[in-house]
Each structure stands twice: as structure tokens, then as C-alpha cells.
Amino acid sequence: AQSVTQLGSHVSVSEGALVLLRCNYSSSVPPYLFWYVQYPNQGLQLLLKYTSAATLVKGINGFEAEFKKSETSFHLTKPSAHMSDAAEYFCAVSEPGYSSASKIIFGSGTRLSIRP
Amino acid sequence: GAVVSQHPSRVICKSGTSVKIECRSLDFQATTMFWYRQFPKQSLMLMATSNEGSKATYEQGVEKDKFLINHASLTLSTLTVTSAHPEDSSFYICSAEPQGLREKLFFGSGTQLSVL
């Protein structure tokens with residue numbers, strides 16, 4: 001069975017500092033991996049996804065994530081945090097070539113706070 | 001971008017009453033919509049898959065008589081929590097899959113249900 005674990009339910013960084021949100025996955029087959037962001041009072045938005053092409057995936061708003069098979073990780077990073085990055089971030093995994101969202105498994109989320 | 005509107009965003013009700021949550025795709029048609037719930041500090045869990053014009057498919061352990069789903073049109077799915085109890089208090093969120101675009105998911109902003 002597939003699963004994702006997000007380490008740290010809450011991460012706080014200073015504005016301008018590096019953002020690192022951790023995600024480890026468990027899958028018996030090479031997975032598809034996703035990062036979603038939820039801003040206050042809004043729906044989840046797809047930040048980026050890995051679908052077995054390049055291991056370093058660039059997403060919106062300056063975020064990127066690197067698929068590391070040896071570490072079964074898909075950590076999300078951003079070099080310099082901005083106040084507008086404050087949100088809830090969800091890591092998710094699905095079977096490759098997924099054809100239905102019912103295959104997506106979400107992590108428990110990490111709340112990112114930005115200190116002025 | 002595509003928008004999914006979920007209403008209400010927050011509801012407080014008395015134990016034993018029923019609550020209806022609406023999920024609308026505003027600028028696209030969705031033959032498939034999904035309903036999730038999230039308990040504090042836990043993962044977003046899929047409850048059911050709502051299919052336009054047919055019965056919803058419920059995940060194991062979800063009571064279909066308690067969580068009534070209706071997907072009467074290509075832009076609207078509703079989730080009714082019947083005879084709500086305090087243990088039903090949770091965050092409910094819907095997502096919609098655009099017709100003909102099966103690898104895209106758009107999420108509503110969620111509904112926080114509190115049952116007194």
C-alpha cells in the first residue's frame with residue numbers, strides 16, 4: 001500500500017530564509033508524487049508533480065522538489081521565503097499513470113509560517 | 001484557472017440535525033467529484049467518489065446512509081451529513097475532475113463542521 005509521511009506539522013522560518021518541507025513516501029512501484037498548497041480560505045492548488053521524468057521538479061511560486069529514490073523522499077524547497085508563502089502544504093502520492101483522483105493518498109499536511 | 005466553490009465554509013449545528021455541503025465547479029463540467037474529510041493533524045482521507053447521474057462509490061468504513069451524496073448535474077455535488085453527532089465534527093473538502101481532463105484535480109476551500 002502507498003503512503004506519505006510529512007515530517008513536522010508546523011514549520012516556521014524567517015522571511016528570506018530557506019524553506020524545507022519534508023515528505024517521505026512508501027510505494028511498491030515507482031510512484032507519482034505531488035505537492036499541493038492551501039492558502040487560507042482557498043482550495044488546494046497543485047504546486048508541482050513528479051511523474052518519472054526529471055527528478056528535480058520546478059513548480060509555481062519558486063518552489064521545487066527533488067525525487068530521491070534512494071531516500072524515498074520528495075522534499076519541497078524554496079530558496080527564499082516570502083510572507084505570501086504562509087499556507088498549509090500537502091504531499092501526496094499516487095500510482096503511476098493514475099487515471100482517477102481516487103488513487104491519490106495525501107499526507108497530513110505541514111503548516112508553514114513566515115516570521116517577518 | 002478553474003474554480004471549485006464549496007459552501008458553507010463553516011457550519012455549527014446541533015446534534016441530531018442534518019447538514020448539507022455544496023460543491024460547485026464554476027467554469028467547467030465535472031463528471032466526477034470527490035469528497036474528503038480531515039481530522040486535526042491527520043491526513044486528508046477520501047470518503048467517496050461522486051459520479052454524475054449515478055450512485056456514489058464509498059470508501060471502506062464510510063457509512064453511505066449517514067453521508068448522502070448527490071451529483072445531479074455536471075457542476076454540482078452535495079454531501080449531506082444526516083443526524084450529525086459530535087464525532088462527525090471535521091473538515092470536509094471536495095474536489096472535481098474536469099470532464100475529459102482526468103489528470104487534473106481542482107479543490108474547494110473546505111467546510112469546517114462543528115456538531116454541538
Side-chain angles (χ1 to χ4, degrees), chain A residues 1-11 21-26 31-53 57 59-61 87-112, chain B residues 1-10 21 23-28 30-51 56-60 62 69 77 90-112:
Chain A
Q2 295 179 307
S3 66
V4 284
T5 302
Q6 289 185 244
L7 301 175
S9 59
H10 183 209
V11 170
L21 304 183
R22 299 178 188 274
C23 174
N24 287 89
Y25 69 90
S26 173
Y32 282 2
L33 292 158
F34 309 81
W35 274 100
Y36 284 87
V37 59
Q38 184 177 28
Y39 297 106
N41 301 316
Q42 296 185 30
L44 273 69
Q45 301 174 35
L46 182 64
L47 262 183
L48 49 81
K49 68 177 180 181
Y50 165 76
T51 56
S52 75
V57 182
I60 61 172
N61 301 337
E88 186 88 18
Y89 292 80
F90 292 90
C91 182
V93 63
S94 77
E95 295 179 4
Y98 94 100
S99 59
S100 168
S102 64
K103 296 291 189 182
I104 292 181
I105 308 296
F106 287 91
S108 54
T110 297
R111 183 163 61 90
L112 176 64
Chain B
V3 175
V4 173
S5 173
Q6 187 173 340
H7 179 79
S9 59
R10 182 177 295 271
I21 304 170
C23 181
R24 291 179 185 274
S25 56
L26 297 185
D27 51 1
F28 64 93
T31 51
T32 306
M33 291 185 175
F34 304 89
W35 288 96
Y36 309 80
R37 68 186 297 181
Q38 184 183 28
F39 292 107
K41 298 187 179 181
Q42 294 188 30
S43 302
L44 213 56
M45 299 298 297
L46 181 67
M47 297 174 65
T49 301
S50 170
N51 302 297
T57 305
Y58 290 81
E59 296 299 303
Q60 191 172 8
V62 178
I69 291 174
S77 175
S90 186
F91 184 71
Y92 295 86
I93 193 165
C94 69
S95 69
E97 198 171 61
Q99 198 174 25
L101 204 61
R102 300 192 72 184
E103 290 196 359
K104 290 287 187 184
L105 259 192
F106 297 96
F107 287 81
S109 53
T111 298
Q112 183 64 51

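Proteins get letters first, then strands, A, B, ... in listed order; numbering begins at 1 in each.
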* Is it the side chain or the backbone of I93(B) that comes within 4.5 Å of chain A heavy atoms, both, or neither? -> side chain

* To do: Side chain from CB out, backbone as N, CA, C, O: work out which of these in Q38(B) comes under 4.5 Å of a heavy atom of chain A, or both, or neither.
  => side chain

* Check each atom of Y39(A) against the heavy atoms of chain B and say whether the ones under 4.5 Å are side chain, backbone, both or neither. =>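 For Y39(A), there is no contact with chain B at all, as no heavy atom is under 4.5 Å.
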
* Look up atom CD1 in I104(A) and atom OH in Y36(B), then write down how far apart they are to the nearest 0.5 Å. =>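 It is 6.0 Å, given to the nearest 0.5 Å.
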
* Please name the pair of heavy atoms, one in L44(A) and one in F107(B), separated by the smallest distance, quoted to 0.1 Å. => N-CB, 3.3 Å

* Asked: Within a reach of under 6.0 Å around NE2 of H7(B), are more than 12 heavy atoms found that belong to other residues, nucleotides or ligands?
  -> no

